[in-house]
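Letters A, B, ... are given to chains in the order of the sequence lines, protein chains preceding strands, and every chain is numbered from 1.
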Amino acid sequence: MNTKRNKYMNSYVAGFLMGLLIIAAYYFSGEGLGSSGGYRDMAFGAINAISPEYAHSNPFVAPHVSGDHTPTHTWLVYELLGVIFGAILSAALYGRLKFVIGKAPHISNKKRIYLAIAGGILWGIGTQLGRGCTSGLVLSGMAVNSLSGYIGLLAIFGFGFIFAFIFKRLWIKKTN
Amino acid sequence: MGPLYPQELLNPEYNLLIGALIGIGFGFLLEASGFTNTRKLAGVFYGYDATVIKVFFTAALTALIGLFFMHYLGWIDITLTFYPKTFWIPTLIGGAIMGLGFVIGGFCPGTSLSAAASGKVDAMAFIVGVMLGIFGFIFTYDTLWESLRKSGNMGKVNIAQWIGIKEGLFIFLFTVIAIATFWIFQKWQDSWKQKMSEEDINDLGI
């Protein structure tokens, strides 16, 4: 059975439109599309709200809290708010707006949630060490031919293929 | 001439509004193209779903070619934009950590946000993990990460200049590589599709 729920926009059309958005981000704001930077700004905001003293003493946070506005008042945070709204809009249009756990069928819900948290933790560390994620570091970096974007691409997907081989059973069921 | 905001040709409020509007488009496209389905994302590593590679490389190529011509025509000065500096050592190590996180967690930060917004509970768990990881990084920054994060600083490096070829030639070569990659991943997906159950094919929408 093929319902609207399984229908996706043509990949090349979606990619082309996403490319235009990156151009717009650079043209208007001088920014690349990013994600992990917005998460980081939210963390800075939380730390600054709980303990401004600590925020000013931590060398990683301090440069972002010394201004006259809150650390969450950034382009990336507003962009992420937009991402939430845009995703809801699309999911509603395609009839996909509902609570589900995405996973390979042979993985239990509990296992999937634990693995998602573990994977998230790795991303939290990796993005701060590597200066961005698949959007800000790789996609937006590649858009301006920055060497860092290509190093990020090769590292994330290159090591990704190696780890995918090791952890094949998380996604592919063993066949007889 | 762009970029507008860095040259004070756009007021800060409008700049943030544009950020939100671009975000809406980004979130919409991530959802519409299937990036909120964790199985489709993981499919890039096993070859059963070519969506990620097609969307990702098409977006990169479109932006790369567009910005290159805009720069050439004098419509935008790339040097005034967010142009990332290259710190090759932490980016390589951080990238490896992210690669492991991708395979284990099935998302990346941007895709998880759009997936969580559309109701994917596993993506919400992933975001909790990302925030835990970032807080952990911040709290251990000066003891564990600071010297590593600042190592391998090469400054702002253009890959074409670094290799020693013209930028236009690099873009041409990358375009050829991307088209070859599309073809390989399409073939790979087609070969998987023949042995997949109807249920799986429907779930992936391929």
Side-chain angles (χ1 to χ4, degrees), chain A residues 6 8-9 11-12 14-16 18-19 21-23 26-31 35-36 43 60 75 78-79 82-84 86-88 90-91 98-99 101-102 113 116-117 119-126 128-130 133-135 142-143 146-148 151-152 155-156 159-160 163-164 167 171, chain B residues 2-3 5-6 16 18-20 23-25 27-29 31-34 38 42 45 51 54-55 58-60 62-63 66 81-82 84 86 90-92 94-105 108-110 114 117-122 125-126 129-130 133-134 137 141 157 159 205:
Chain A
N6 321 106
Y8 296 104
M9 186 188 278
S11 302
Y12 298 117
F16 176 72
M18 208 179 278
L21 286 178
I22 298 171
I23 293 173
Y26 273 110
Y27 182 78
F28 288 105
S29 308
E31 298 268 3
S35 302
S36 60
F60 192 63
W75 194 89
Y78 282 85
E79 182 228 32
V83 167
I84 295 173
I88 293 174
S90 169
K98 72 176 210 184
F99 287 106
I101 296 178
I113 296 297
I117 295 172
I121 291 173
L122 290 167
W123 272 101
I125 296 166
Q128 300 316 303
L129 183 61
C133 62
T134 349
S135 331
M142 287 168 76
S146 165
L147 178 62
S148 61
I151 295 175
I156 294 175
F159 284 101
F163 292 125
F167 295 103
W171 301 101
Chain B
Y5 178 67
L16 294 178
I18 282 170
I24 291 174
F28 187 95
L29 291 172
E31 207 291 328
S33 58
T38 187
F45 294 116
T51 304
K54 288 181 188 169
V55 175
T58 308
T62 304
T81 64
F82 149 88
T86 300
T91 294
L92 192 66
I97 297 171
M98 292 184 247
L100 178 60
F102 213 148
V103 171
I104 295 207
C108 59
S114 50
S118 64
K120 305 290 198 299
V121 180
D122 50 318
F126 181 94
V130 174
I134 292 176
F137 183 92
Y141 177 68
V157 185
I159 190 171

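Listed options Gly152(A), Gly82(A), Ser35(A) were ranked by heavy-atom pairs under 4.5 angstrom with chain B; first place goes to Gly82(A). Contact tally against chain A (heavy-atom pairs below 4.5 Å) for Ser114(B), Gly66(B), Ala96(B), Ala60(B): the top residue is Ala96(B). The candidate from Gly25(B), Pro109(B), Ser33(B) with the greatest count of non-hydrogen atom pairs under 4.5 Å with chain A is Pro109(B). For the set Val83(A), Leu21(A), Leu122(A), the entry with the most heavy-atom pairs within less than 4.5 Å of chain B is Val83(A). Here Ala43(A) is the residue among Cys133(A), Ala14(A), Ala43(A) with the most heavy-atom pairs under 4.5 Å with chain B. Note: Gly23(B) leads Gly23(B), Pro3(B), Gly94(B) in heavy-atom pairs under 4.5 Å with chain A. Looking only at heavy-atom pairs under 4.5 Å with chain A, the residue among Ala117(B), Gly19(B), Gly99(B) that has the most is Gly19(B).
The main-chain N or O of Thr86(B) is never found under 3.5 Å from a side-chain atom of Ser148(A) such that the two would form a donor-acceptor pair. Checked by atom type and distance alone, the side chain of Trp171(A) pairs as donor or acceptor with a backbone atom of Val103(B) at under 3.5 Å. Counting only distance, with no hydrogens or angles, the side chain of Thr58(B) and the backbone of Tyr12(A) share no donor-acceptor pair below 3.5 Å. Side-chain atoms of Asp122(B) never come within 3.5 Å of backbone atoms of Ala116(A) as a donor-acceptor pair (strictly under, hydrogens ignored). Using modelled atom types, one side-chain atom of Thr91(B) and one backbone atom of Gly130(A) make a donor-acceptor pair closer than 3.5 Å.
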Do Thr62(B) and Met18(A) pass the side-chain contact (heavy atoms from CB on, under 4.5 Å) test, and can you show the C-alpha distance, the side-chain angles, and the key distance before you say yes or no?
-> CA-CA 8 Å; Thr62(B) 304; Met18(A) 208 179 278; over 6 Å; no
Evaluate side-chain contact (heavy atoms from CB on, under 4.5 Å) for Tyr5(B) paired with Trp75(A), printing each intermediate quantity in order.
-> CA-CA 11 Å; Tyr5(B) 178 67; Trp75(A) 194 89; over 6 Å; no
Worked verdict on Trp123(A) versus Phe126(B) for side-chain contact (heavy atoms from CB on, under 4.5 Å) | CA-CA 9 Å; Trp123(A) 272 101; Phe126(B) 181 94; 3.1 Å; yes
Verdict with supporting geometry, Leu100(B) and Phe167(A), side-chain contact (heavy atoms from CB on, under 4.5 Å) = CA-CA 9 Å; Leu100(B) 178 60; Phe167(A) 295 103; 3.6 Å; yes
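Scanning all heavy atoms of the two residues, the minimum distance from Phe45(B) to Ala164(A) falls at CB-CB, 3.4 Å. For Ser118(B) against Ala91(A), the heavy-atom pair with the smallest separation is CB-CB, 3.4 Å. For the residue pair Ser11(A) and Thr51(B), the shortest heavy atom distance occurs at OG-CG2, 3.7 Å. In plain terms, the two heavy atoms of Ala155(A) and Leu92(B) that are nearest each other are CB-O, 3.6 Å. Closest approach of Phe137(B) to Leu129(A), counting heavy atoms only: CE1-N, 3.8 Å. The shortest heavy-atom contact between Ala125(B) and Ile113(A) is CB-CG2, 3.8 Å.
Listed by chain and residue number, Arg96(A) satisfy the salt bridge (charged side-chain N to carboxylate O under 4.0 Å, His left out) test with Glu31(B) (two or more places apart in sequence, or in another chain). In this structure Ile121(A) satisfies the side chain to side chain contact (heavy atoms under 4.5 Å, CB included) test together with Ile117(A), Ile125(A), Leu132(B), sequence neighbours excluded.
With a 4.5 angstrom heavy-atom cutoff, Thr134(A) touches chain B via backbone and side-chain atoms both.
Taking CD1 of Ile101(A) as the start and NZ of Lys120(B) as the end, the distance is 11.5 Å to the nearest 0.5 Å.
The environment of Tyr141(B) atom OH is dense: over 12 non-hydrogen atoms of other residues, nucleotides or ligands sit within 6.0 angstrom.
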